[in-house]
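Sequence lines set the chain letters: A, B, ... in the order given, protein chains first and strands last, and positions in each chain run from 1. Just so we're clear, the structure is a prediction, and the values are computed from it rather than from any experiment.
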There are 2 protein chains.
Amino acid sequence: MSTILDVCKLAGVSKATVSRVINGIGQVKPSTRENVFSAMKELGYRPNRLAQALATNKTHTIGLVVSDFDGIHFGLLLKQAAASAEFAKKQLIVTDGHNDPDYEYEVILQLEAQCDAVVLYSRTLTDEHIQRLHEQLTIPIVVLNRNMPEQCFHSVSFEQEAAVTIMMDHLFEKGHQKIACITGHMGNPTGKARLNGYKNSLQAASIDFKDELVKHGVYDMKSGYQACKELLNEGITFTAIVAFNDCMALGALKALTEAGIKVPEQVSITGIDNDPVSEFFTPRLTTVKLPITDMTKQAIELAITLCDETKPTHSYQYKGQLIERESVASVYTANN
Amino acid sequence: MSTILDVCKLAGVSKATVSRVINGIGQVKPSTRENVFSAMKELGYRPNRLAQALATNKTHTIGLVVSDFDGIHFGLLLKQAAASAEFAKKQLIVTDGHNDPDYEYEVILQLEAQCDAVVLYSRTLTDEHIQRLHEQLTIPIVVLNRNMPEQCFHSVSFEQEAAVTIMMDHLFEKGHQKIACITGHMGNPTGKARLNGYKNSLQAASIDFKDELVKHGVYDMKSGYQACKELLNEGITFTAIVAFNDCMALGALKALTEAGIKVPEQVSITGIDNDPVSEFFTPRLTTVKLPITDMTKQAIELAITLCDETKPTHSYQYKGQLIERESVASVYTANN
DNA sequence: CAAAAAAAAGTAACCGGTTACATTGGCGAT
DNA sequence: ATCGCCAATGTAACCGGTTACTTTTTTTTG
């Protein structure tokens, strides 16, 4: 790979002049500029971004850290992040934390010199971890899809509890009372908030919370499938299942189908996310849309802004939206 | 962020000594080492990777470039890539090319200074692009999931044509003769090879190729759905559909279900990939497994090897494997 | 105890760029 | 012809590390 010195030699000028031409700043005689350009072309010269970054302390790169590469919204998130970054001519570098908080923590620290800002979509880090990162890092962090307890972070979040409430209200309207629940990880704020949504909705409707109606999954189809099988095996009666995401809802759908239970005629199922695949199952899944694309766009754009200017912390919060399809039926209809 | 000079001052030693301590090479008196360590700790010092990379011309980073972040095998591929990279203590940086060959080409060139090797999983670049990259880049490239015409590349590929052949043979065995085909993009080698598989299988079975049985999709569920609808609308008769991936097969399944056509009783459907979701549809999809995890592991490990030593070009080729589930029925059964 | 060898530490150049500042040269005004 | 100004270019320090080589200190050995 040729360096700036090779270009200097070939064009017969100094480093400073070549640098001026590369960056298009300062005064350079047109004829000289041409010489330099043709030298660069002849050599196939491309500036070394590492060297540039070191010299300017600007990387033009946004770091995106996710806890795990098979995260739920992964595809849509990455796609939007890549699009937003490219639009602003920033490089995007994506890393995962292997679902290991300590590793993830390290990864983020390592990113410091390589990025101008970091967007963090973590489900394993604790709030304390994030707080510490915030204190240690000299580059700004934007926390995506997570409600931070204090307002000292840039964040783009989602009303987790409300998402479940929306769904529960929908089911109540359809006459459901015995509603089973398949949760996600209970170790992080998202899971807790959503479970609160479930409990509070029941309470608001004066329905007793029953522990045996709640099963814990890990946000994938398999765990939804298993959770649902447990419900069935234990002979618990219910007319609807609220799953904390679409994947688990679809897993549950599979379990019900295998057991010969008709959805939605005998049991209704709902998810959260509006995963693209949810439309292709039969019945199509009723769900609450989590606008991950919009949220990601917001987060990346915020991060990009923060590369160049410091802004007071800003949090954006998004709401879920009910998407009614065919996996929920009215209990009255079902019973007639 | 503190630098090596801050550590020098605090520990009262020179840069060289600090560097020795950081890297654990050379002779350093134990007491000095302790001083340096505690200085580093006190300052929360972490070496600047950019500066290290510039000085040593080693980045300890593998670049992974995909044409698009919603690529088919995306989740599994990334997950394995991240795991393999971490295992070797390499950083992984992932970038997409926005499905735009020119942009992707640029992205890869830009990566040169930032990585020790690149793994390329491209569906938009032409063979010529890749050839040119190979000539221009001073870092090794490993081409993943693509059969390169010449043996001058490191590559990990899949027997594309055979994958379709396996499936066709399976359908023939089950008595199918009228087999529709939903292809992927026909602009790249994968699509062409798979279509050859379809055509050659027909020929080998002495069945005439019929153009109207072939519809083109773009590897997503929606296009599979639409392709299948077209087949139905045009009133073409067929007893099985061979889709060039699972997503399209599942889209087709949806279209058939909506049309009241029973799968597999009336029409059989097959895919390629063994996408994790395929098991959760009803009926579960019969498919040909593309061992993307193994292939990715191989590619990343090869790339990592190439960081440290030059090796003669090596190509690995993987075969598909039939995974029989319930989306294919025997025609004889279906007709009885 | 002096000399030689080994260990420990420092110096300075280098990686490939950027940039503040200095220098040169050409031109118009006086 | 002289001066001043500005455009054009060069010089050298710097970004934060590494490393070959040199110097200093300590230990070993005869």
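Whole-Å rounding puts the A:Q27 CD to D:dC6 C1' distance at 9 Å. Taking atom NZ of B:K58 as the reference point, atom P of D:dG16 lies 24 Å away to the nearest angstrom. A straight line from CE of B:M1 to C1' of D:dG17 spans 11 Å, rounded to a whole angstrom. The separation between A:N48 atom CG and C:dC15 atom C1' is 9 Å, rounded to whole Å. Atom CD of A:Q114 and atom P of D:dG17 are 13 Å apart (whole Å).
In this model, no side-chain donor or acceptor of B:R49 finds a partner on the base of D:dG16 within 3.5 Å.
For the pair B:N23 (side chain) and B:I25 (backbone), a donor-acceptor distance under 3.5 Å is absent. In this structure, the side chain of A:S155 does not engage the main chain of A:S157 through any donor-acceptor pair within 3.5 Å.
Side-chain contact annotation: B:Q80 with B:S84, donor-acceptor N/O pair under 3.5 Å present.
B:V18 comes within 4.0 angstrom of no nucleic acid atom, judged by non-hydrogen atoms across all strands. Contacts of B:N57 with the nucleic acid, taken as non-hydrogen atoms under 4.0 Å apart, are absent.
Proximity note for A:I25 (side chain, C-beta onward) versus C:dG10, C:dT19, D:dG17: the nearest is C:dT19. Which of C:dG10, C:dG16, D:dA8 sits closest to the side chain of B:T17 comes down to C:dG10. Checked against C:dG17, C:dG10, D:dG17, the side chain of A:A51 finds its nearest nucleotide in C:dG17. Picking from C:dC21, C:dT18, C:dT11 the nucleotide with the shortest atom distance to the side chain of A:S19 gives C:dT18. Considering only side-chain atoms of A:I4, the nucleotide from C:dT18, C:dA8, D:dT19 that sits closest is C:dT18. The nucleotide whose nearest atom lies closest to any side-chain atom of A:I22 is, among C:dT18, D:dG17, C:dA9, C:dT18. Closest to the side chain of B:R20, from the set D:dG16, C:dG10, C:dG17, is C:dG10.
In this model, the phosphate group of D:dT9 is not approached by any side-chain N or O of A:S14 to a distance below 4.0 Å at OP1 or OP2. Contact annotation: A:Q52 side-chain N/O to C:dG17 OP1/OP2 distance is not under 4.0 Å. Taking only side-chain nitrogens and oxygens, B:N23 comes nearer than 4.0 Å to OP1 or OP2 of D:dT18. Phosphate proximity of C:dA9 to B:T32: present, with a side-chain N or O under 4.0 Å from OP1 or OP2.
How far CZ of B:R132 is from CG of B:L125: 9.5 Å, rounded to the nearest 0.5 Å.
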